[in-house]
Amino acid sequence: MTHDPYKIIMGRRRGYIDLGAEREIIAAEKANQKIAIEIKSFVGNSDLDNFEDALGQFLLYWKALKINDPERVLYLAVPVGFYERFFDDAFFMDVARSFDVKMLIFDEIEPEIKQWIS
């Protein structure tokens, strides 16, 4: 981890992405990619509300990174259970692709990374 949390400036406001890191430290799939990871638990009453909140936050952080740290790639960390029940709906997977949402699918029980979706 390089930042825990990763501080980011959005206009006149300050926010925090959960983690800043080098991807090679987290998974040896790609060499030396600077990443930031926003970890969401999606434990609210409504999966749709959870996704709307996560997508809005992801887009704010994505735009702020483009301005302040354009080499860093933002990932949305999604628990595998939520991913399997929510993104089996093609509409929501298409929404995620439309906004270029990169996801890190993790098992919150093990804990381990199950999949990177870029």
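Bear in mind the structure is a predicted one, so any value in this text is a computation, not a measurement.
- Contacts of Glu110 classified as salt bridge (Lys or Arg N to Asp or Glu O under 4.0 Å), with partners at least two apart in sequence or in another chain: none.
- For Glu71, the CD atom counts as loosely surrounded, since its 6.0 Å shell holds 12 or fewer non-hydrogen atoms of other residues, nucleotides or ligands.
- Side chain of Asn68 to main chain of Ile9: a donor-acceptor pair is present (N/O by atom type, distance under 3.5 Å, no hydrogens or angles).
- Among residue pairs with one or both ends in residues 75-102, those qualifying as salt bridge (charged side-chain N to carboxylate O under 4.0 Å, His left out) are Asp47-Arg85, Asp100-Lys102; sequence neighbours excluded.
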Throw together a table of side-chain donor-acceptor distances under 3.5 angstrom for residues 35-44, partners on residues two or more places apart or in other chains.
residue	atom	partner	partner atom	Å
Glu38	OE1	Asp18	N	3.2
Lys40	NZ	Gln57	OE1	2.5

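- A ring-ring contact (aromatic ring centres under 6.0 Å, His included) with Phe92 is found for exactly one of Phe87, Phe86, Tyr83, namely Phe86.
- Residues forming a salt bridge (Lys or Arg N to Asp or Glu O under 4.0 Å) with Lys66 (at least two apart in sequence, or on another chain): none.
- Atoms CZ and CD1, on Phe82 and Ile105 in that order, are 10.0 Å from each other to the nearest 0.5 Å.
- Residue pairs meeting the salt bridge (charged side-chain N to carboxylate O under 4.0 Å, His left out) criterion with at least one partner in residues 54-65, sequence neighbours excluded, do not occur; the list is empty.
- Under the 4.5 Å side-chain contact rule for hydrophobic residues, Leu48 and Met103 share a cluster.
- Here the side chain of Tyr61 pairs a donor or acceptor atom with the backbone of Tyr16 at under 3.5 angstrom.
- Among residues two or more places apart in sequence or in another chain, the side chain to side chain contact (heavy atoms under 4.5 Å, CB included) test is passed with Phe99 by Leu55, Leu59, Val95, Val101.
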